[in-house]
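Accompanying notes for the structure given below.
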There are 2 protein chains.
Amino acid sequence: MLRVSKFTDYAVVVLSRLEAEGGVQTAPGLAAGTGIAEPTVAKVLKMLSQAGIVEGLRGARGGYRLLRPLSSLGLSEVIVAIDGPIALTACVDGGFGLCEAEQTCPVRGRWDPVNSAIRGALSAIMVSEIASPPVPRRAAALQPVLVAE
Amino acid sequence: MLRVSKFTDYAVVVLSRLEAEGGVQTAPGLAAGTGIAEPTVAKVLKMLSQAGIVEGLRGARGGYRLLRPLSSLGLSEVIVAIDGPIALTACVDGGFGLCEAEQTCPVRGRWDPVNSAIRGALSAIMVSEIASPPVPRRAAALQPVLVAE
DNA sequence: GCAATCCGGACCCATTGGGTCCCCTTTGAA
DNA sequence: TTCAAAGGGGACCCAATGGGTCCGGATTGC
């Protein structure tokens with residue numbers, strides 16, 4: 001279905017909120033502000049901090065802080081941070097030995113141009129283009145995620 | 001993970017085989033030729049025929065026939081035929097009432113540019129660019145499917 | 001009339017995404 | 001010095017659904 005995990009969507013919502021509020025925000029605070037369950041928000045923030053998109057500040061008065069403005073943050077970076085590498089097929093970028101039918105598989109490695117195309121399309125889109133506009137409101141649970149035509 | 005279902009991959013393999021052989025091919029024949037389980041091949045062909053990509057001929061001496069050369073068949077058509085509409089998020093293209101938090105969801109409908117971008121990228125790629133090159137060999141079972149960076 | 005073949009649906013199972021909970025570590029403030 | 005607030009990391013469970021199989025019915029050439 002060419003779907004993106006809900007977490008990616010959550011990440012955009014959380015990042016949007018983070019930028020709208022500015023400064024350091026706590027996970028519970030962001031959860032309350034977005035309507036997303038707190039443990040889920042914490043999970044998303046953890047992944048984003050590991051990817052270097054936000055910074056986690058520990059201890060009392062801690063929280064999370066944006067490291068880059070959303071206008072310079074490519075959507076593909078968020079997707080990679082949350083969902084892992086963008087790869088439409090398993091046999092991608094030299095995945096030798098993974099396909100048990102290497103010899104006979106006629107499409108082996110041929111999805112690369114597709115992956116490149118999608119990568120390019122996603123890299124060109126900044127998170128700020130998707131995140132909530134000037135008027136930051138409260139967010140809530142979202143549904144699944146796909147790419148449709 | 002931004003993955004595409006295995007069926008889409010199978011479809012490309014089957015279509016490739018169909019064009020390589022030319023004329024009318026039976027589902028069992030294509031299954032044998034590709035190494036994919038016969039019921040699975042039948043399922044894929046059924047979906048492709050519903051989408052108008054191939055034509056099913058019933059009765060004895062029946063089989064499936066390509067309606068268009070792969071060089072003019074966009075990859076997005078195959079994906080739509082197999083996996084359904086390309087939509088990264090549930091709240092897409094006016095999915096009113098689906099999101100229980102319409103009022104408060106800050107990213108509602110904002111994934112549209114992303115969907116458009118991906119649609120465009122996929123439409124520009126023809127199946128013939130992915131399908132096996134001049135040298136058609138036997139195909140076999142494939143693994144999952146993703147889009148990576 | 002028989003056999004080959006597509007058509008359509010129902011059905012089942014394994015994978016995994018989505019979500020929750022718990023405990024440890026860190027650190028500012030009283 | 002102590003305590004509480006907050007992040008860090010992992011284990012765990014449940015449900016959705018993709019992947020695959022099987023069956024009976026309809027159609028058509030021999």
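Computed over heavy atoms, backbone and side chain alike; hydrogens, waters and symmetry mates excluded. Naming: A, B, ... by sequence-line order, numbering from 1 per chain.
For the pair A/K46 NZ and C/dC23 C1', the computed distance is 12 Å after rounding to whole Å. Atoms CD (A/E38) and P (D/dA6) sit 10 Å apart, rounded to a whole Å. As a whole-Å value, the separation of A/I36 CD1 from C/dT20 P is 11 Å. Atom CE in A/M47 sits about 11 Å away from atom P in C/dG19, given to the nearest Å. Between A/D83 atom CG and C/dG17 atom P there is a gap of 8 Å when expressed in whole angstrom units. One atom, CD1 of A/I82, and another, P of C/dG17, lie 13 Å apart when rounded to the nearest Å. Spacing between atom CZ of B/R58 and atom C1' of D/dG24 amounts to 13 Å, rounded to whole angstrom units.
A/A27 comes within 4.0 angstrom of sugar-phosphate atoms only, judged by non-hydrogen atoms across all strands, and of no base. Among the protein residues, A/L45 comes within range of no part of the nucleic acid, since none of its heavy atoms lies under 4.0 Å from any strand.
Interface remark: the B/K6 side chain does not form any donor-acceptor pair with the D/dG18 base, using a distance-only criterion of under 3.5 Å. For A/K43 and C/dG18, a side-chain-to-base donor-acceptor distance below 3.5 Å is absent, hydrogens and geometry of angles not being considered.
Ion pairing between B/E77 and B/R68 holds under the 4.0 Å rule for side-chain N and carboxylate O.
Closest to the side chain of B/F7, from the set D/dG20, C/dG19, C/dG9, is D/dG20. Distance from the side chain of B/R61 is smallest for D/dG29 among the nucleotides D/dG29, D/dG7, D/dG10. When distances are taken from the side chain of B/Q50 to each of C/dG8, C/dG28, D/dG19, the shortest belongs to C/dG8. The B/Y64 side chain lies nearest to C/dC6 when the options are C/dC6, C/dG19, D/dG8. Residue A/Y10 has its side chain nearest to C/dG19 when only C/dG8, C/dA29, C/dG19 are considered. Closest to the side chain of B/T26, out of C/dT20, C/dG8, C/dT5, is C/dT5. The side chain of A/A60 sits closest to D/dA5 out of D/dT21, D/dA5, C/dG9.
A side-chain donor-acceptor contact under 3.5 Å links B/S123 to the backbone of B/R119. Between the side chain of A/E19 and the main chain of A/L70, a donor-acceptor pair closer than 3.5 Å is present.
Residues A/V41 and A/Y10 have side chains not in contact (no heavy-atom distance under 4.5 Å, counting atoms from C-beta outward).
When the side-chain nitrogen and oxygen atoms of A/S5 are compared with OP1 and OP2 of C/dG18, one or more of them lie within a distance under 4.0 Å.
Hydrophobic clustering, with ILVMFWY side chains joined whenever heavy atoms are under 4.5 angstrom apart, groups A/I125 together with A/V13.
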